[in-house]
Q: 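One structure coming up, written as structure tokens, with questions to follow.
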Amino acid sequence: MGGTFLAEFELYVMLAVARLGDDAYGVAIREEIEERTGRSVSVGALYATLGRLGDKGLLRFQVSDPRPVQGGRSRKYCRLTPEGEEALGHSASMLSRMMEGLGYAEEGRS
Amino acid sequence: MRPPALWRGLVRLACPPEDRPFVLADLRHGMEERARTEGRRAARRWYRAQAARSLVPLGLRRLVRLPDALGGLAGAGLLADLRQAVRRLVATPLQSVVTVVSLAVGIGLATTVFAVSNAFLLQPPAGVGDPEGLVAVYTSGEDGDPYQPTSFPDFLDLQEGLEIFESLAAVRPGIVSWGEDAGSERLVIEMVTAGYFGMLETALPLGRGFAPEEAVPGRAEQVTVLSWEVWQERFGGDPGVLGRAVRFNGRSFVVVGVAPRGLVGRFLRLKVAAWVPVGLPGGLYHATPGELVDRADREYLIYGRLREGVDLDVARSRLDVAARRLHDAHGPVWEDDGGRARALTVLPAREAQVPPSARAAMLGTAALLLAGAVAILLLACANVAGLFLARGHRRWREVAIRLSLGASRSQVVRLLLGEAVLLAGVGGLVGFLVATRATALLGAIPLPLDVPLSFAVDTGWPVAAFATATSVLACVAFGLVPAVRSTRPDLTGALEGGTRLSGLRRHGGLGAALVAFQVAVTVVLVVSAGLFLRGASASSAVKGALDTRGIALASRMEREEGATQEDVGTRVMELADRLRARPEIDEVALASTPDLSSFRGGATARLDVEGHVPAAGETMAVPFNSVTPNYFAMVGMRPSLGRTFTAEDGAGAPPVAVVSEAFVRRYLPDGSPLGRRLTVLEQRTFSTAFPSPERSYTVVGVVPDVRTSAVAEVGRPFFFTSYEQNPTPLVVFHARGGGDAASLVPVLREEIEPPAGDVQLVPARTYDEVVAFLLLPARLSSRVLTWAGGFALVLALMGVYGLVSFTMERRTREMAIRQAVGGGPGRVVRQVSWSVLRLAAVGAAVGFGAAILLGHLVRGVLSGVAPADPVALAGGGLVLAVGITAAVLVPARRALRRDLMGALGRE
């Protein structure tokens, strides 16, 4: 699985899932990406990507019980699988190696 | 708040089932969040945008996963299957071509109907920001129709007095000549108030819209905003166009802006060439100074944007109050011909792209046409299914061998389905191309108006989606069922040799149902075609009352300021004399409007008829025509009672009128109509250049009913006055000479010049050309239906022929055995023929019932034909009976002559 290459949006989704940890579910992932990248994410694209990542064995899902509030719905929680961790690490290291010394990474860092 | 139902439904449809609840919940959550922070409109907009962007990724994901659900259809084998399918289709080229053509016609037809109705009836207005927030406001008309234009003073009052609108604008379509010469090219324009583009929330790619001070009529410097197309085609997209001058009706207009691509007119999605501020003088429709100040002159379409938080119900109640106020303030002007107070009506702009009074009828017609197109598609599918059943039967042994060798059933289904997918794919693609071309042609139907009217009907993604969905459904309809059936054979029977009857009955059942269905659909289409053909000839019969041959027409509008009715009469008579002096012309008659043209409606009179007490709310506005005495003889109209006008009915003589038979039936049913009096209280013509005094006329004659304008409008009350006694500013010269009408057209063009800077309502042309426009809808629909009916008939006959040949082939073994024992195959052939004919009869009975029912539904469209027209029904029945008998007998005879023993040997 080390060779799995993540597309840009897939990478964002994986990073958001990793960052959110136990709290990674649809709305939270979308808001995380929107906040950090400043670009609007479509619900459909997000779920299609989650499904695809699941098919590749990089994510696994767990559907929660409905939340104990009025109108509460169940949530689909995501978590990186070991293969997912590996793929994310692989992509991140490839990215950083590609950007090494170019100076782009400095930009926008606060 | 609720999510927009349509978008929610689409997302549901596109979404893979396992994610569906989460996606919908997330969308709803996001919308509610936005509703709290940014308001409901923004929230709905967000939802729509999100849903739209979600459809493709979700749909793709679903498609990728669909084959899994079908049992592992996807995979490496798919390509090989397709390749094999191509090979098989190429091996039977004729069959493949016929199949693709019939599918393409069905899909193309359905897609065309969908594209047109989608553009006019379903889609929100194009080129407009947030089209859902846009509304149209109407004033009720003289006859109580709620959806009529509004007067400019009323518009100004609404604009100032109503806080429910964020912005409000008035629009009026018009036609201008482009360039110096009034006879030159004509363009469609829209006259709009300042703030029009802002109200549409459309950003101009270049320049700006109109400033309030520019929208003041009579300004020395006039300005215009050009359409994107005009800017591209005539100025090559040059940004330097701003500040340059163009000429409309001989006047100079400075270009201040360019409209965005795709912005069409508010009325009928007309392609508009340019926009100018209101009050342009000299449009095609009289743009008198009075039009902007006269409250009785209702010419403007009003569009507006409702304020945040104002919904249609609130708008409705506010407009009711406003209408009451206007009625209180202006009294009679705010009452219609029936004495009722006028009303204001608000509609979403989406429903205002076609005249709202006609919208329901148009939706009905569209649904009917779509049903017809789908019926043809189903016919085509039924044929292809029949073909596949037959082919499946022939490949029975191959299938059985594959299955017994361990191929899974889904693999074999996939193999058989490959051909269906391929056929549907090619058929759908060709169908979509056909539809694209057809809508382009429909958008530019040449109207005999000398005006480039074209309608923006685009085939965007909804249309492509429709074509795709239809193809997929068609593929499932004709491919899946036979494929599944063919793989359920009696394996041992098939392998042991030949086919057994027990297995065949089942297949025969499906084929039989297909035949009955095909015949039923064909009967409906053929009978409808017959009805419309009869309707078209009935329309011509009505026209027959008017003899339009050899006559050429040209109009002229007298609109000199301060001219009296007498001045107009004198000037027109002089012109007529000048025409008569031309050697090519023998006779000249005058009329205020040409009968049978589409321009009727401009000249109406409010009447008081002696002896007739109007019922409460009865409209006494009756169309009239003012004509010279020789007009009746020229168009072949003879009085059925009394006389028509003579030279004695001149300006000084007692005023006389000739009425139509329908007029007599409605207003003068008792006693002789001759000598009765009717009083014109007020008359309206195309121009209200001078006031018409109240005047009483004595009825001197009755003429047969004339069709005045709309297709289904026969027998509407109508009357004539003498042109010399009642000259109208718009006059149509009717000329007849020794030669044909076309040779007179250049003469009329020479003599009847339009006034400088004006546009001629009826440019010189033959009467037949003018009438052709009126008959266009009836002719077009009867032609389309005739083709559709003919096509359906061919398809159904092909289906019957196929079924009979297939059944004969299937029963070869039985026939051979019978022959061997000395019985002969005749019995089997007779049996098969009779059973197919019986099925056809059942289908025909169902079809006739449906056709009669349908006839009742479309009564309004047909004129002069009963819904259960015996000629149409009998004719349709006869054509079908002959066709089907032939389709049964030909293969039956062939079966009788076959070398049965040889055939059996080959099995």
Q: Do other residues, nucleotides or ligands put more than 12 heavy atoms under 6.0 Å from the CZ atom of A:Arg39?
A: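 Atom CZ in A:Arg39 is packed in, count exceeds 12.
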Q: Can you find a heavy atom in the side chain of B:Pro16 that is under 4.5 Å from one in the side chain of A:Tyr47?
A: no
Q: For A:Val63, which atoms come within 4.5 Å of any heavy atom of chain B: side chain, backbone, both, or neither?
A: side chain
Q: So, A:Arg75 and B:Asp26, do they make that salt bridge, N to O below 4.0 Å?
A: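 Salt bridge: no.
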Q: Considering all heavy atoms of both residues, which atom of B:Pro57 and which atom of A:Ala48 are nearest to each other, and what is their separation?
A: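 For B:Pro57 versus A:Ala48, the nearest heavy atoms are O-CB, 3.7 Å.
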Q: Give me the contact list for residues 39-52 of chain B versus chain A, heavy atoms only, anything under 4.5 Å, ordered by residue number.
A: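 Counting heavy atoms that sit under 4.5 Å from chain A, the residues of residues 39-52 of chain B involved are B:Trp46, B:Gln50.
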Q: Might you confirm whether atom CG of A:Asp22 has over 12 heavy atoms from other residues, nucleotides or ligands at distances under 6.0 Å?
A: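 At most 12 heavy atoms, drawn from other residues, nucleotides or ligands, come within 6.0 Å of this atom.
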Q: Taking every heavy-atom pair that is under 4.5 Å apart, which of A:Val27, A:Leu50, A:Val43, A:Thr49 has the most such pairs with chain B?
A: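 When all of A:Val27, A:Leu50, A:Val43, A:Thr49 are compared, A:Val43 has the most.
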Q: Tell me, for A:Ser40 versus chain B, whether the close heavy atoms (under 4.5 Å) come from the side chain, the backbone, both or neither.
A: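 A:Ser40 touches chain B through backbone and side-chain heavy atoms alike.
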Q: Of all the heavy-atom pairs spanning B:Ser54 and A:Gly44, show the shortest one and how long it is.
A: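 The answer is OG-N, 2.7 Å.
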Q: Please answer whether the main-chain N or O of A:Gly51 pairs with a side-chain N or O of B:Arg61 as donor and acceptor at a distance below 3.5 Å.
A: yes
